[in-house]
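In what follows, a single structure is set out as structure tokens and then discussed.
One-based numbering, in listed order, for ligands and for the atoms of each. Values reported hereafter were calculated over all heavy atoms of this structure, with side chains retained and with hydrogens, waters and symmetry mates removed.
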Amino acid sequence: MQRGLLTSLLLLCLPLLAHAGDAAVAVIQLNQIGYLPAAHKLAAVPTDADAEARFVVEDAATGEPAFAGELGAAATWPPSNQRVRIADFSALETPGRYRLRIRGLPPSDEFVVGDDAYAALAAASLKAFYFNRASMALEPRYAGRFARAAGHPDNRVRVHASAASEARPEGTLLSAPKGWYDAGDYNKYIVNSGISTWTLLAAWEAFPQVFAAQDLGIPEGGDGAADLLHEAWWNLAWMLDMQDSADGGVYHKLTTLQFAGMVMPADARAPRYVVQKSTAAALNFAAVMAQASRVYAPFDAQFPGASQRMLLAARAAWAWAQSYPQAFYRQPADVATGTYGDDRLDDEFAWAATELYIATGEDAFHDAFAKRRVKAGVASWSSVGGLAWISLAAHRERLTPRASRAEIEREVESAAAALLRQWQGSAYRLAMREEDFVWGSNAMALNQAMLLVEAYRLNGKRDYLDAAQSQLDYVLGRNPLARSYITGFGARPPMHVHHRVSEADGIVDPVPGWLAGGPNPRQQDAKDCSGHPYPSKMPALSYIDAVCSYASNEVAINWNAPLVYVAAALQALTARQGDDP
Ligand code: G3I
Ligand code: 9MR
């Protein structure tokens, strides 16, 4: 109790100190869930605290010391302009519940070392997608206290003027139900659905054993296909309806004209529209449908005809994009919701071509990929070239001779090696640099982790896995704000995410399993957050746990997907230390 109070007081002071440019806050920062026994285990200790160099890890119940060590040298981390020292207790492998102690500081949060340290996280971060389903009531037996009425049937959606065609003039009614709400808002955007769905299916392809063992408690499943495949199908079914069968084009989004208020889905009844067909939407759609066609191929009994239908849909969207390579999304004057606009589409062309190449084995698609000359790198909704390379790496043993296995390995490894160097050179032992603190910076950390995991799967070099572990530690508490950024997980999770359901449902706790967007020094929401000023302009401190803060505290499907991936990857790979990855 006393310790809790002291820690809370220190945490309250933290933003003030940070704002004042003071470097130190006397709180030991570590992953507030814990670690797998074989994991790399680091804590960060701000230095100006009058701390000793020696640290002890003790059993949380008995206080018996389990491990002791010396802190590393102090160094400055530019994103928060703080000096920290690192405690490395990787050698502590005995399962248990622990805390870390340093004389002069309050003891750390408690954490576990255990064989299934991330099983609950991997499940909850995926269950979050179920909680964001459109067009379906969430029943208590699946949703527990987060049960809610259905919203957005989306079976009478209007064709917006920007999307009108001869066969479907403005005002035509279409049906495009299901799918996931994008984020804290209730709209559905093809571009962002693309990378989100792809990342989940890539996680399934890489770590099927983790997902096969999951029972998410969703309405579907138990039929020999992993719950992940059923969850992803909810969104794929919607995406398929976003394609105009007359020409293969794909609408950019399904949306209201304005963002809804902070109300429950069933109370958000403004008319919905499909808006402008775009090249970006067609290519994201083509990539995901091609990938899904191969993922679902062995499950034709559970998803009859789906695999074949998705491949045809992918080809049609690809063909449309060849005819309209520059149909960039332009937000119509009467539409104010998310844009997901992107005028650089080399990476989208390369990604779609790659997924079609892997699905069909047709060399023409490989040529279309190679022509775009995209590099491997950390992915985001607007930058998807790295996804092409990850897919090539995952399937490198089965490609046609047109693809160079050596080139694929070199490309992925060299992109990850840059991240590894950043991790090694960082005071906080993180790959994140100042410029990485964009809108959704926490997902940047996890997309970096994903690339590191991919390199580890190629080269088996342990550092890459350790660096990925560090990135997960960051979102779970080894950060200068000493907080977990995942709802329902860790000692100090976000409580006021910009998520309409969490705000409107009358339940104190937010819907669990969601990653908050994270620190973002551009603070684009400052005008809407006058009651909750940002504590600092420093990149890694520019965060507020306030519902007004859509630029630092929203949740989104494309941010949760790499969390699912990384939690599953560490669960699968760390447990097998010593084996070939
Ligand atoms: O274009 C510049 C780029 O040149 C520069 O390198 C970069 C550096 O920060 O900034 C770039 O633009 C940013 C853009 O994202 C691309 O990363 C904008 O400043 C930034 O405002 C923009 O933020 C996007 C935000 O919507 C506002 O449009 C986020 O990436 C995107 O995740 C977010 O998505 C929203 C949806 O629109 C609506 N639903 C919720 C969802 C999550 O907040
Ligand atoms: O709630 C909206 C959120 O989902 C979006 O990510 C964000 C940026 O597009 O916009 C939010 O809506 C805000 C709008 O942009 C400005 N006025 C306040 C709205 C939040 O209540």
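The part of His498 lying near ligand 2 is the side chain, judged by heavy-atom distances below 4.0 Å. Residue contacts with ligand 2 for Gln524 are absent, since no atom lies close enough (heavy atoms, distance under 4.0 Å). Residue contacts with ligand 2 for Trp439 involve side-chain atoms from C-beta outward but no N, CA, C or O (heavy atoms, distance under 4.0 Å).
Side-chain N/O atoms of Thr279 and Glu348 include no donor and acceptor closer than 3.5 Å.
For His152 and Tyr181, the gap between ring centers is short of 6.0 Å. Between Tyr543 and Tyr485, a ring centre-to-centre spacing shorter than 6.0 Å is recorded.
Checking Asp154, Asp182, Asp241 one by one against Lys188, the salt bridge (charged side-chain N to carboxylate O under 4.0 Å, His left out) holds for a single residue, Asp154. Screening Asn558, Asn284, Thr339, Val250 for a side chain to side chain contact (heavy atoms under 4.5 Å, CB included) with Val191, the sole residue that qualifies is Asn284.
Between Arg330 and Asp343 there is a salt bridge, since a side-chain N of the basic residue sits under 4.0 Å from a carboxylate O of the acidic one. Contact check on Asp545 versus Arg492 returns no salt bridge, with no Lys/Arg side-chain nitrogen under 4.0 Å from an Asp/Glu carboxylate oxygen.
Remark: Lys178 qualifies as a cation-pi partner of Trp234 under the 6.0 Å distance and 45° angle criteria applied to the six-membered ring. Arg429 forms a cation-pi arrangement with Trp423, by the criterion of a distance under 6.0 Å to the ring centre and an angle within 45° of the ring axis.
Listed by atom number, the atoms of ligand 2 under 4.0 Å from Arg500 heavy atoms are 1 (O), 2 (C), 4 (O). Within ligand 2, counting atoms from 1 as listed, the ones closer than 4.0 Å to a heavy atom of Asp185 are 4 (O).
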Distances under 3.5 Å, N/O of ligand 1 against N/O of the protein: list each pair and its distance.
unit_1   : atom_1 : unit_2 : atom_2 : d
ligand 1 : 9 (O)  : Arg522 : NH1    : 2.9
ligand 1 : 10 (O) : Arg522 : NH1    : 2.9
ligand 1 : 19 (O) : Arg522 : NH1    : 3.2
ligand 1 : 21 (O) : Gln524 : NE2    : 3.3
ligand 1 : 30 (O) : Trp381 : NE1    : 3.0
ligand 1 : 34 (O) : Tyr340 : OH     : 3.2
ligand 1 : 39 (N) : Asp182 : OD2    : 2.9
ligand 1 : 39 (N) : Asp185 : OD1    : 3.0
ligand 1 : 39 (N) : Asp185 : OD2    : 3.3
ligand 1 : 43 (O) : Trp439 : NE1    : 3.0
ligand 1 : 43 (O) : Glu554 : OE1    : 3.0

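Counting only heavy atoms of the protein, atom 19 (C) of ligand 2 lies nearest to Tyr550 CE2, 4.1 Å. Looking at atom 17 (N) of ligand 2, its nearest protein heavy atom turns out to be Asp528 OD2, 3.7 Å. Atom 10 (O) of ligand 2 has its closest protein heavy atom at Phe259 CE1, 3.5 Å. Atom 3 (C) of ligand 2 has Glu554 OE1, 3.2 Å as its closest protein atom, hydrogens excluded (heavy atom only).
Contact of the Val564 side chain with the Phe129 side chain is registered, since non-hydrogen atoms from C-beta on lie closer than 4.5 Å.
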